[in-house]
Number of protein chains: 2
Amino acid sequence: METSNVIESFSALAQETRLAVFRLLVRQEPDGLAAGELARQLSVPHATMSAHLSVLSRAGLVVSRRQGRSIIYRANLNHMQEAIRFLVRDCCAGHPEVCGPLAESLIGYTPNQDKE
Amino acid sequence: METSNVIESFSALAQETRLAVFRLLVRQEPDGLAAGELARQLSVPHATMSAHLSVLSRAGLVVSRRQGRSIIYRANLNHMQEAIRFLVRDCCAGHPEVCGPLAESLIGYTPNQDKE
DNA sequence: TCCATATTTCCAAAATTATGGAATTATTGG
DNA sequence: CCAATAATTCCATAATTTTGGAAATATGGA
């Protein structure tokens, strides 16, 4: 992933509604959610939600497909994976004391822990 | 890490100069770099760099200490680690097909690979 | 075809962020 | 104390982002 896309992706997630949308879509995988349903669940006007979805979409963080009258949005987990990889590479570069614990926490990961 | 700080951190990194500053500081660990040196190396006016550093600092991504006339900035790797952990938790939640490969690439990490 | 539903596009106002010269605040050396 | 160096703060301008009502576009069913 090149830095211009990294910036676009961080910028997309650096907004309350959009971060909430992305997190919600991750939890809805692999089904996704319709645009209107996202607007309703997050109490955001249609036009505003549409603008946010287009930002997330341009960044590559979500993908959409039409299904009847609705447009279903899904989180693009591969893209997120690439973004994380970018951060890890820069962050760990020569600093295994950071990388190590991260890797451990990934290995020991169990889906049940959901605390902040 | 709470979502407000996550947003602040992403927002801080979602800007060309600031992302460059952070990456440079990671490579300079653990010595850090003076504010003026950062401005010079990245060809940014002092006042502008100072504003960017204060954004990174407020987000917790960098820390600073005075040394004589200079103020030395360092990357806060622990903070970055927390930010990555947040992403991974949301991204992997119930999706080991994403989490697994990430963990592998962390385990198999060697500092020499530096491709984009 | 006509109507209801789902979304997006248009557009303009409000809010936030970025920029950088000039002034101000610290620190060190003579 | 004074001059030089290093940074930050002040402040105004420019640029970008966010917001959401109203209009336009697309789809499916009667």
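The model shown is predicted, which means the values in this text are computed figures rather than measured ones. Each chain gets a letter, A, B and so on, in the order the sequences are listed, and its residues count up from 1.
- Atom CD of A:Glu37 is separated from atom C1' of C:dT5 by 14 Å (rounded to the nearest Å).
- Going from atom CG of B:Leu13 over to atom C1' of C:dT17 covers 16 Å, rounded to whole Å.
- For B:Arg66 and D:dA7, the shortest distance from a side-chain N or O to OP1 or OP2 is not below 4.0 Å.
- Whole-Å rounding puts the B:Gln15 CD to D:dT17 C1' distance at 14 Å.
- Tested against B:Leu56 for a side-chain contact (heavy atoms from CB on, under 4.5 Å), the candidates B:Val21, B:Leu19, B:Thr17 yield a single pass: B:Val21.
- Rounding to the nearest 0.5 Å places CG of B:Leu53 at 6.0 Å from CG of B:Leu38.
- The residue A:Ala34 sits close only to the backbone: its heavy atoms come under 4.0 Å of sugar-phosphate atoms, none of a base.
- Here A:Arg18 lies in heavy-atom contact (under 4.0 Å) with sugar-phosphate atoms only.
- Across the protein-nucleic acid pair, B:Leu53 atom CG and C:dA18 atom C1' stand 14 Å apart, rounded to whole Å.
- Taken together through direct or relayed side-chain contacts under 4.5 Å among Ile, Leu, Val, Met, Phe, Trp and Tyr, A:Ile72 and A:Phe22 form parts of separate hydrophobic clusters.
- For the pair A:Arg69 and A:Ala47, nearest-nucleotide mapping onto DNA chain C gives the more 5' position to A:Arg69.
- The phosphate of D:dA7 (OP1 or OP2) has a side-chain N or O of B:Ser70 nearer than 4.0 angstrom.
- Of the possible polar contacts, one joining the A:Asn76 side chain to the A:Gly60 backbone as a donor-acceptor pair under 3.5 Å is found.
- Contact annotation: A:His52 side-chain N/O to D:dT17 OP1/OP2 distance is not under 4.0 Å.
- Rounding to the nearest 0.5 angstrom, the gap separating the CG atom in B:Leu25 from the CZ atom in B:Arg27 is 9.5 Å.
- Of the candidates C:dT8, D:dT19, D:dT8, D:dT8 carries the atom nearest the B:Ile71 side chain, counting heavy atoms from C-beta on.
- Distance CZ/B:Arg85 to CD1/A:Ile84: 12.0 Å, rounded to 0.5 Å.
- Atom CG of A:Leu42 is separated from atom P of D:dG20 by 13 Å (rounded to the nearest Å).
- When each of A:Ser11 and A:Gln67 is assigned the nucleotide of DNA chain D bearing its nearest heavy atom, the one mapping closer to the 5' terminus is A:Ser11.
- In this structure, B:Arg65 places its CZ atom 17 Å from P of D:dA6, rounding to the nearest Å.
- OP1 or OP2 of D:dT5 has not a single side-chain nitrogen or oxygen of B:His46 nearer than 4.0 Å.
- Nearest to the side-chain atoms of A:Pro45 among the listed nucleotides D:dT18, D:dG20, C:dT27 stands D:dG20.
- Following rounding to the nearest Å, B:Ile7 (CD1) and D:dT18 (C1') show an atom-to-atom distance of 14 Å.
- The side chain of A:Thr48 lies closest to D:dG20, out of C:dT7, C:dG20, D:dG20.
- Note on A:Ser50: a base of the nucleic acid sits closer than 4.0 angstrom, heavy atoms only.
- Using a 4.0 Å cut-off, some side-chain N or O of B:Tyr73 falls inside it from OP1 or OP2 of D:dT8.
- B:Arg58 has its CZ atom 14 Å from the P atom of C:dT16, to the nearest Å.
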